[in-house]
Amino acid sequence: MSKRLDGIAASNGIAIAKAYMLVDPDLSFDKKTVEDTDHEVKRLHDSFVASTKELEVIKQHAVKSLGEEEAEVFEAHITILADPELIGGIEQKIKDDHMNAESALKDVTDMYISMFEAMTDNTYMQERAGDIRDVTKRVLSHLLGVNLPSPSLIDDQSIVVAHDLTPSDTAQLDRQFVKGFITDIGGRTSHSAIMSRTLEIPAVVGTENATTTIKNGDTVIVDGIHGKTVVDPTDAEIDEYQQMAAQFAKEQAEWGELKDTSTISADGKHFDIAANVGTPDDLPAVLDNGGEAIGLFRSEFLYMNSNELPTEDEQFEAYKKVVAGMNGKQVVIRTMDIGGDKHLPYLPLPEEMNPFLGYRAIRISLDQQEIFRTQLRALLRASNYGKLAIMFPMIATVNEFKQARSIYDEEKQKMVNAGQPVADNIEVGMMMEIPAAVMIADKLAKYADFFSIGTNDLIQYSFAADRGNEHVSYLYQPYNPSLLRLIKRVIDTAHHEGKWAGMCGEMAGDQVAVPLLMGMGLDEFSMSATSILQTRSLMKKLDTTKLHELVDQALDAESNEEVIELVKQLKTE
Amino acid sequence: MEKRDFNITAETGIHARPATILVQTASKFGSDVTLQYQGKSVNLKSIMGVMSLGVGQNADVTISAEGADEKEAITAISETMTKEGLSA
C-alpha cells in the first residue's frame, strides 16, 4: 500500500526516485572498558582512514559545486584527521585507560573543543570548535558503523528527504543525482523552497512528518505542482505520474521559450501580463517568469508583519525596492486593504456582523487619514525610482474616489512645495470590486486613471455570497453571464473614456476565463508569477477576431456551466 | 638540530589557510618539527597544536627541526612562511 503525504508545493515538476534520508543518525554509545586495546586502536585507525576518504569525496564535490574557497572547510577537516597529536592522544587514552575508541575519541576531542571555545577574543578559533565537532561526528559514525549522510555523497538518482535543508546542504546538491526533495518544515518562501526553484528541482516542503514516515531507499514520488508526495507507489500510480511528468516537461519547454517575448495574440494584438505580489521578496519570481509589470502589489504585509503601524521610511524602503526592481515597468501598489478577514493587533476594529461589508480598506483610510497620508507620502517618495501607479481598494462611490484622490493631491502638493522630488507620471486608479461602482464606471472614469477588476470580491458582492461560507460556495460562479456582463461593462466604459482596464483577481490567470477576457479586450492580466508563462502560451494561440463571437454567446448564455462548455468547444476546434 | 626565528607579520597571525599549509609542509618531512612561542612548544605537524597557540601579528616564534632531513625541512618551512605572507 502506498502512503500519501501532503505539503506545500515549493517547486514545480514531478520526480520519482529512491529516498535519501538527510537526517542525522543516532550516534550515542556506551563507555566501556576494553581488554584488547590493540584491536581498539586498529578500529580507531580504520575509522580515521575511512573518514578521510569520505571527506576527499565530499571535498571534490564541493570544489565543483561551490568553488575552491567554499570547499576549504573540508580541507581543514582532512588536516584535523591527519593531526598526529589528535590521533596520538586518543591512542594513548585507549592504551592507558583501557577505554573503548568511542569514549577516548570523545574525551580528547571535547578537550580541544573546550580549549578553542575558551578563546573568546578570537572568533576564528571559536568557529574551529565547530570543525572539530563535525570531524568527531564523522569518525564516530564509522566507529559505530552507521551512515552519516552528506548531500555530496549522493551518487545515484535520489529524492532528498530532510527535516529542513541548510544553505550549505542545498549548495552541495548535485543536480545530476538529486531529482527532488521533501522537507518536514518550511513554506513557499523558506530557504529550501527558494533554492528548489532556483535549481529547478521539484520540491514539496512543510509535510510535517516526512522524515519519520519515509525510510532510506523507499521509492518516492514528489509532485511539486500540487504539493503531494507518494511513498511506495503502486505501478498504476507510477504510470500516472510518469505521464504527468512527460506532459509537464513538454509544456515547460514550450513556456520557457516565452519568457522574454511579449504577449501577442495569433492575430497580432498586444496584451500585458503582470504579476500579483505580496512582498518585495516576490520580485525575482516575477522577473524570472517574464512578468511585464506588477498589476497588484498588496501593501498589507507591511501592516501585518509588524507590532505597530509601519513608519513612512519603512514603507518607502519596501515600495522603492519593488518600483526600482522592475526597471521602469509599471508597478501598481494598492493602498492598505485591512479589515474583512485581515486584522491588526495594534489597530482595534469594531466587532461586526458582516466584516466584509463593514469597516475596511479605503473606508478606514478615509476615516483615519493619518495612516493613509503616511502611506501616500511613502508612495510618492518611491515614485522617483521607476513607474509607479497607486490604486484604492473598495471604492463604491464617486465621492469616495474624489476624497481619496484629493488627499493624495494634497500630500503631493505639500512635497512639491517643500522641494521634494516626485515623479510626474504617477497614475491613480481604483479596484473595481463593488457592483455599485461598476454601474457608475463612466462617472468614476472622469477621475480615475485606470480600473483593476478584483474578481474575488466582485463575485462575492454580486452574488451576495460570503466566499468563506461552504454552504453557499456553489454561488462562486466566475463564468456566470451576470459576472461577465459586469466585467465587460468595466472594460467597455474604460475604453470609451480613454482609460485602461486590468484584472488582478484569480480569474486573470484562469485558463477558461482568459479567452473570454481577451475577447472583451481586457488590457492587463495580473496573476501569480507562476501562471504567467502558461497564460502567455495560451494567449499566443488565440485569435481575438474569433473570440468576439464567443463573448457574445457567453454573455447570452444562461449559466456558469454553459459558458464553460462554450470555451471548451473553442479549444477543441 | 636546525633552528630559525621568524617574526609573524601577517595581520591575522598563524591561522586558517596559512596554518594548514604550514602543517602540511612540515608533515612532508621525517624530522620532528616544533613551533615555540612564549615558552610553549608544539608539534608543527599538528594543526590543533599550532592553532591552540593562538599566534598573532608581531609574534616572535622559533621553529626547530631534528632528524635526517632537518635542513631541508627548515628551508621548506621558511619558503612557505614567505609564500603565504606569514613572515617577511
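Atoms considered below: every heavy atom in the structure, side chains included; atoms not considered: hydrogens, waters and symmetry mates. Owing to the predicted nature of the structure, the values given are computational and were not obtained by experimental measurement. A note on names: the letters A, B, ... follow the listed sequences, proteins ahead of strands, and every chain is numbered from 1.
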Identify the heavy atoms of [X] and [Y] that sit nearest to each other, and give their distance.
X        : Y       : answer
A:Glu85  : B:Ser46 : CG-CB, 3.0 Å
A:Phe116 : B:Met48 : CZ-O, 3.8 Å
A:Thr79  : B:Gln24 : OG1-NE2, 3.9 Å

Rounded to the nearest 0.5 angstrom, the CE-CD1 distance for B:Met51 and A:Ile132 is 6.0 Å

In this structure, CD1 of B:Ile47 is separated from CG of A:Leu81 (nearest 0.5 Å) by 12.0 Å

Ranking B:Gly56, B:Ser52, B:Gly49 by heavy-atom pairs under 4.5 Å to chain A gives rank one to B:Ser52

| query | How about A:Lys179: does its NZ atom have over 12 heavy atoms from other parts shown lying under 6.0 Å from it? | reply | yes

Under 4.5 Å to a heavy atom of chain B? For A:Ile80 that would be both

For residues 23-42 of chain A against chain B, heavy atoms under 4.5 Å, the residues are none

